[in-house]
Amino acid sequence: MRDLRKFYIDGKWVTPASAAEFPILNPATEQQIGTIILGNQADVDHAVTAAKAAFASYSQTSKEERLSLLRALLAETKNRFEDLAQAMSLEMGAPISMSRDAQADAAVGHLDAFISALEHQVERETLDNGDILLREAVGVCGLITPWNWPMNQIVLKVVPALAAGCTCVLKPSEHTPISAAIYAEIIDAAGFPAGVFNLVHGDGPTVGAAMSRHQDINMMSFTGSTRAGVALTKDAAETVKRVTLELGGKSPNLIFADCDLKDRVTASVQECFYNTGQSCDAPTRLLVERSCYDAVVEIATRAANAHEVGDPSQEGDHLGPLFDRIQYDRVQMMIRAGIDEGARLVAGGPGKPEGFDTGWFVRPTLFADVRNDMRIAQEEIFGPVLVIIPFEDEAEGIAIANDTPYGLAAYLQTGDPLRAERVAGQLRAGAVHINGGGFNYGSPFGGYKMSGNGREGGTIGIEDFQEVKTLHFG
Ligand SMILES: NC(=O)c1ccc[n+]([C@@H]2O[C@H](COP(=O)([O-])OP(=O)(O)OC[C@H]3O[C@@H](n4cnc5c(N)ncnc54)[C@H](O)[C@@H]3O)[C@@H](O)[C@H]2O)c1
């Protein structure tokens, strides 16, 4: 049992002002594995005061000084790599192999890419008109992250903030505080000055809202649901903060008959179910050219049925549980909604997989003959549930792909390189993955439409945490 009832503020582990305890549960066993305190306004004030005081000197550090701190952070992250992987497997149910290969790997990969981006960034440049342009730290930043990719999201915010010379207060998801607490220890060991990074646990309506409304926070960087992102934006409006948002998705995956169907469809199903379907950019709508529709349904069904669920502490490529009961109930509700709306269930379905009565395990589920106006095609399910929708031709495929309030990612599979570029250019999404092309550390990540604004990762990710100042000389 982990006792996480302290916050990291001003370079020390301190006892919070709040006494509200909150249990941390293992989603595979439903057992309590730790306790945190949900902070209050006084805790937020304490952390913001520390961050504001530290900003005065940290924002004036040179790029070289910050690079050397980030290199120390990289070394410490590598030292604690296994601790991070084990923590995320325990707190959100990522199978340990995947937790190492992807969840913990993100802490190293993004940081490496940010170091390289900062090395190359021009902080002072002369414009054609003779004016000088400076890039400076935006100020004290409030960072709020979700539970589904805990370290990935933390590193995508904390590192660019520190790289830019900002100071920050992190509020991780109250459901995944263990990896966040380890990350605070890593930052401490790397030698960042006191107050530059602060960690406060808490829930959204109390700590999250107190941060968004805080007079002394200059920017909020948020990843989570569109619902919470909208609430945060309204809270931040009074103090005219910069707000960047990484929100939900319902990403289309266009399958054209000229692709290698067996390979691409099998990989597409695996990608949708990865992290038990709990990824904002998962390809959750499989849009299939009519001429190959029956073949695709057959291949996808076989691929879905090949997925096994299992204990996250075991090595292997099985799926873990969903992260908690609320998520389990929501996925069950959406599977039932799909059946009620008349979609054809071809794999999985309601209930738990056989032999998994304890833990929030679900059956990898596939629906065929789905219409894009059904709930299961429009709403983010956040579980291993894939819907298959036919289209007649390229134009209709693109229209269905774009017929969503979201625009985080899109995927397309085709053997025709000209078509790949032509279609990608018409998809309203922040990223288009072509024929299995994966995300690379250092590239920008973010959404169009209700998937958010701003971009995380690499140079553009650092710029989100910078102000631009122009010097005009007389
Ligand atoms: N676009 C991306 O980069 C990305 C990445 C991962 C997850 N997500 C999205 O995150 C969601 C899943 O995460 P979740 O269930 O933790 O989301 P959530 O919105 O419930 O919570 C996310 C974070 O916001 C906080 N929060 C909740 N209400 C708040 C409020 N009113 N003000 C301030 N903070 C508040 C929570 O405490 C948590 O730390 C999905 O919608 C998923 O698509 C997006």
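Whatever order the structure lists them in is the order used to number ligands and atoms, beginning at 1.
Ser443 and Asn440 are not linked by any side-chain donor-acceptor pair at a separation below 3.5 angstrom, with hydrogens and angles left out of the test. Using modelled atom types, one finds a donor on one side chain and an acceptor on the other under 3.5 Å when comparing Lys157 with Ser221.
Using cut-offs of 30° and 60° for the angle between ring planes, the Phe356 and Phe361 rings count as tilted.
Here the shortest heavy-atom pairing between Asp188 and Gly11 reads OD1-O, 3.8 Å.
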Dump the pairs for me: ligand 1 N or O, protein N or O, distance under 3.5 Å, to 0.1 Å.
residue: ligand 1; atom: 1 (N); partner: Leu247; partner atom: N; Å: 3.3
residue: ligand 1; atom: 1 (N); partner: Leu247; partner atom: O; Å: 2.7
residue: ligand 1; atom: 10 (O); partner: Gly224; partner atom: O; Å: 3.3
residue: ligand 1; atom: 15 (O); partner: Trp147; partner atom: NE1; Å: 2.8
residue: ligand 1; atom: 16 (O); partner: Trp147; partner atom: NE1; Å: 3.0
residue: ligand 1; atom: 17 (O); partner: Ser225; partner atom: N; Å: 3.4
residue: ligand 1; atom: 19 (O); partner: Ser225; partner atom: N; Å: 2.8
residue: ligand 1; atom: 19 (O); partner: Ser225; partner atom: OG; Å: 2.5
residue: ligand 1; atom: 37 (O); partner: Lys171; partner atom: NZ; Å: 2.9
residue: ligand 1; atom: 37 (O); partner: Glu174; partner atom: OE1; Å: 2.8
residue: ligand 1; atom: 37 (O); partner: Gly204; partner atom: N; Å: 3.4
residue: ligand 1; atom: 39 (O); partner: Thr145; partner atom: O; Å: 2.8
residue: ligand 1; atom: 39 (O); partner: Lys171; partner atom: NZ; Å: 2.9
residue: ligand 1; atom: 41 (O); partner: Glu380; partner atom: OE1; Å: 2.7
residue: ligand 1; atom: 43 (O); partner: Glu380; partner atom: OE1; Å: 3.4
residue: ligand 1; atom: 43 (O); partner: Glu380; partner atom: OE2; Å: 2.6

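Checked against a 6.0 Å centroid threshold, the rings of Trp360 and Phe382 do not count as neighbours.
Between the side chain of Arg455 and the backbone N or O of Asp464 there is no donor-acceptor pair closer than 3.5 Å.
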